[in-house]
Every structure is written in C-alpha cells, then in structure tokens.
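Below is one structure; the comments refer to it alone.
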There are 2 protein chains.
Amino acid sequence: MKPDQAVDKLAALAQVTRLRIFRLLVQAGPGGMNASAIAEAVDIAPSSLSFHIAHLSRAGLVAPRQEGRYIFYSADFAAMDELIAYLTDNCCQGGQCLPRTAAVATTAKRRAKAA
Amino acid sequence: MKPDQAVDKLAALAQVTRLRIFRLLVQAGPGGMNASAIAEAVDIAPSSLSFHIAHLSRAGLVAPRQEGRYIFYSADFAAMDELIAYLTDNCCQGGQCLPRTAAVATTAKRRAKAA
DNA sequence: TCGACGTTTCAACAAGTATTGAATTGTTGC
DNA sequence: GCAACAATTCAATACTTGTTGAAACGTCGA
C-alpha cells in the first residue's frame with residue numbers, strides 16, 4: 001500500500017461519525033446496511049451521511065451495492081487488513097518486539113514470512 | 001478503548017508526515033530516535049517535528065524519554081495493538097467473516113476468546 | 001405518469017490543521 | 001557563568017473539514 005492510500009484510509013476513520021459508521025458496518029458483516037438505516041443508527045442527517053460514506057467509499061473502506069432504490073454499504077475487510085499490515089510493517093526491523101505487538105500477524109505479514 | 005481515544009490515534013496517524021514519523025519509530029524499535037534525528041530523517045523543520053510529535057504523543061502512540069539533552073521518542077506498540085483490536089472489534093457479530101480479516105487476531109481478541 | 005421515497009449535490013459558514021521563522025526554554029561542556 | 005546546541009512555543013497565514021437545509025436526481029408502486 002502507498003503512503004497516500006494509508007493516509008486516506010486513516011483520515012476516513014479519524015472522525016467520530018465515520019468511525020461509528022465503519023464499526024457499525026464491520027459488525028453488520030458482508031450484508032451491510034442501506035443508507036437511511038445507517039443514518040438512523042448513528043443519528044445524523046441524510047446529507048451528512050452521504051458526505052461521510054462517500055469519504056469512506058473514496059478511501060476504499062466501504063463498498064456500495066445498489067439494490068432497487070436502496071443502496072447498501074458494507075465494510076471492505078480486505079482493505080482493513082492491508083491497512084493494519086501497513087501500520088505494523090517492518091516492526092522493529094523484522095525482529096521480535098514487545099510480545100503483544102508481535103502477536104499482530106496479518107495475512108500480509110504471514111505471506112511475507114512464508115515467501 | 002473509548003471512541004474518542006480511537007479517533008485521536010487515527011487522526012494522529014492520518015497525516016503524511018506523522019505517518020512517516022510513526023512508521024520510522026515502529027521500525028526503529030523500542031530504542032527510538034531523538035527529535036533532531038527524526039526531523040532529519042523525514043526532512044522537516046524542527047518546529048514542524050515538535051508539532052507533529054506532540055500530536056502523536058498526546059494520542060498515546062509514541063512516548064518520550066529524556067536522555068541528557070536529547071529526547072528520544074519510541075512507538076507505543078501496545079497502544080497500536082489496542083487500536084487495531086478496536087477497529088476489528090465484533091467483526092460480523094463474532095462470526096467468521098472473510099478469511100483474510102478473520103486472520104487478524106490481536107492480543108485483545110485472543111484474550112476475549114479465551115475468556 | 002405521477003407522487004412518494006431514498007439518496008446525493010450544493011452553498012455557506014464555523015471550526016480545526018499544517019507550515020514556517022523567530023523567539024524561548026533547558027541542558028551540556030568548557 | 002557562558003556559549004553552543006536540542007527542543008519547544010508562539011504568531012501569522014493558507015488551507016481543509018464538518019455541518020446543515022434546500023434543491024435535485026433516480027427508482028419504485030399505483
């Protein structure tokens with residue numbers, strides 16, 4: 001992942017409303033939720049939801065799916081995984097660091113180790 | 001972790017310069033680096049570094065350590081781990097989701113599963 | 001086709017953020 | 001003590017972001 005992409009994703013999550021939306025969708029699972037249901041769940045105006053979900057979508061953290069006149073949004077779990085891998089990349093120059101962080105083994109890291 | 005704390009950490013990382021600083025420190029390991037060395041490595045003015053590192057420090061992502069007239073900063077790996085756990089918390093209502101994200105097992109998650 | 005509903009776009013404003021040079025604080029070694 | 005150096009604070013400026021209501025766009029069911 002390029003630094004700019006990581007920044008986009010982090011910036012998308014670095015806002016209370018958007019973080020609530022994202023976590024809501026993470027918990028909702030692959031099925032996702034439609035726009036107005038999300039707006040109601042996090043208690044914001046429809047236009048605010050549009051603004052924020054567009055932000056998350058641009059960052060590649062959520063994906064829209066049209067279904068009739070509803071638009072369902074769901075979290076992109078793979079993107080999340082890649083972001084986490086980026087943040088913990090080359091931790092302590094590949095050596096063992098503190099026990100807790102060493103335990104964070106994302107798919108990307110395990111791939112790298114296997115290669 | 002409280003939502004506001006998560007937002008603080010994410011906002012701290014959601015900026016090119018600060019992300020570079022943080023990753024530099026993650027890679028530097030527990031020993032960390034002193035302020036001017038960091039400023040030189042990421043090529044910014046000392047005052048800019050102060051601004052950004054204070055941001056990271058306030059968010060609890062890096063910790064300062066005075067050593068003579070130098071101040072060494074190092075990444076707080078535990079804080080990082082907690083942030084990651086927060087983001088993937090209750091993924092798909094605890095059920096299995098996509099294979100890749102399911103693989104992200106932070107210490108906090110494993111603790112929760114054991115309990 | 002028309003009214004109703006879900007969603008997005010727009011305009012405007014308030015609030016927050018990044019950057020820099022200059023000034024300041026604090027520590028070291030002579 | 002004092003000069004040299006490490007680091008932070010300050011002030012000023014340009015820029016970005018969040019919020020909202022009103023208007024517009026699309027899709028559906030009757």
Side-chain angles (χ1 to χ4, degrees), chain A residues 3-25 28 31-76, chain B residues 3-25 28 31-76:
Chain A
D4 286 357
Q5 295 175 295
V7 168
D8 285 349
K9 287 186 172 58
L10 289 164
L13 295 172
Q15 209 280 334
V16 238
T17 305
R18 283 196 298 270
L19 186 55
R20 289 186 65 201
I21 294 173
F22 182 75
R23 275 166 53 86
L24 184 67
L25 293 179
M33 293 172 69
N34 71 302
S36 53
I38 301 172
E40 190 179 355
V42 305
D43 191 33
I44 54 173
S47 59
S48 291
L49 179 85
S50 256
F51 174 81
H52 287 303
I53 205 115
H55 210 316
L56 286 166
S57 189
R58 236 180 294 122
L61 286 168
V62 307
R65 185 178 82 246
Q66 183 109 26
E67 224 161 88
R69 68 170 119 178
Y70 297 86
I71 297 180
F72 283 79
Y73 290 92
S74 51
D76 184 329
Chain B
D4 287 356
Q5 294 177 295
V7 168
D8 284 349
K9 286 186 171 57
L10 289 164
L13 294 172
Q15 208 280 337
V16 237
T17 305
R18 283 197 297 272
L19 186 56
R20 289 187 64 199
I21 294 172
F22 181 75
R23 275 167 51 88
L24 185 67
L25 293 179
M33 293 173 69
N34 71 303
S36 54
I38 301 171
E40 190 179 356
V42 305
D43 191 34
I44 53 172
S47 59
S48 290
L49 179 84
S50 258
F51 175 81
H52 287 302
I53 206 117
H55 211 316
L56 287 166
S57 189
R58 234 180 294 123
L61 287 168
V62 307
R65 186 179 81 244
Q66 182 108 26
E67 223 162 87
R69 69 171 119 177
Y70 298 85
I71 297 181
F72 283 79
Y73 289 93
S74 51
D76 185 328

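Note on naming: letters A, B, ... go to the chains in the order of the sequence lines (proteins, then strands), and numbering restarts at 1 for each one.
- In terms of phosphate contacts, A:Asn34 brings no side-chain nitrogen or oxygen within less than 4.0 Å of OP1 or OP2 of C:dG6.
- At least one side-chain heavy atom of B:His52 sits less than 4.5 Å from a side-chain heavy atom of B:Ile21.
- Among the atoms of the strands shown, none is found under 4.0 Å from any heavy atom of A:Phe72.
- At a cut-off of 3.5 angstrom, the base of C:dG6 holds no donor-acceptor pair with the side chain of A:Ser36.
- For the helix from C:dT1-D:dA30 to C:dC30-D:dG1, the angle separating the two terminal helix axes comes to 30°, with each axis derived from five pairs and the value rounded to 10°.
- At whole-Å resolution of the value, CD1 in A:Ile71 and P in D:dC28 are 11 Å apart.
- In terms of position along DNA chain D, the nucleotide closest to A:His55 lies nearer the 5' end than the nucleotide closest to the other residue of the pair A:His55 and A:Gly68.
- Protein atom CZ of B:Arg58 is 10 Å distant from nucleotide atom P of D:dT9, rounded to whole Å.
- Rounded to whole angstrom, the span from the CD atom of A:Glu67 across to the P atom of D:dC28 amounts to 11 Å.
- At least one side-chain nitrogen or oxygen of B:Thr17 sits closer than 4.0 Å to the OP1 or OP2 atom of C:dT19.
- Between the CG atom of A:Leu56 and the P atom of D:dG18 there is a distance of 10 Å, given to the nearest Å.
- Side-chain atoms of B:Ala35 lie closest to D:dA7 of the nucleotides C:dG29, C:dC5, D:dA7.
- Formation of a donor-acceptor pair under 3.5 Å by the A:Arg65 side chain with backbone atoms of A:Gly31 is found in this model.
- The nearest whole Å value for the distance from the CD atom in A:Gln15 to the P atom in D:dT16 is 18 Å.
- One interatomic measurement links the two molecules: CZ of B:Phe51 to C1' of D:dT8, which rounds to 13 Å at whole-angstrom precision.
- Distances shown here put every side-chain N or O of B:His52 at or beyond 4.0 Å from the OP1 or OP2 atom of C:dT17.
- Checked against D:dT20, D:dG29, C:dA18, the side chain of A:Ser47 finds its nearest nucleotide in D:dT20.
- Distances shown here put a side-chain N or O of B:Ser48 below 4.0 Å from the OP1 or OP2 atom of C:dT20.
- Side-chain nitrogen and oxygen atoms of A:Tyr70 include none within less than 4.0 Å of the OP1 or OP2 phosphate oxygen of C:dT8.
- Contact of the B:Thr17 side chain with the B:Leu49 side chain is not registered, since no non-hydrogen atoms from C-beta on lie closer than 4.5 Å.
- Taking only side-chain nitrogens and oxygens, B:Arg18 never comes nearer than 4.0 Å to OP1 or OP2 of C:dT17.
- Counting only heavy atoms from C-beta on, A:Gln66 has its side chain closest to D:dT27 among D:dT20, D:dC10, D:dT27.
- Listed nucleotides C:dT8, C:dA18, C:dT28 differ in distance to B:Arg69; the shortest reach to its side chain belongs to C:dT28.
- As rounded to whole Å, 15 Å separates atom P of C:dT17 from atom CG of B:Leu13.
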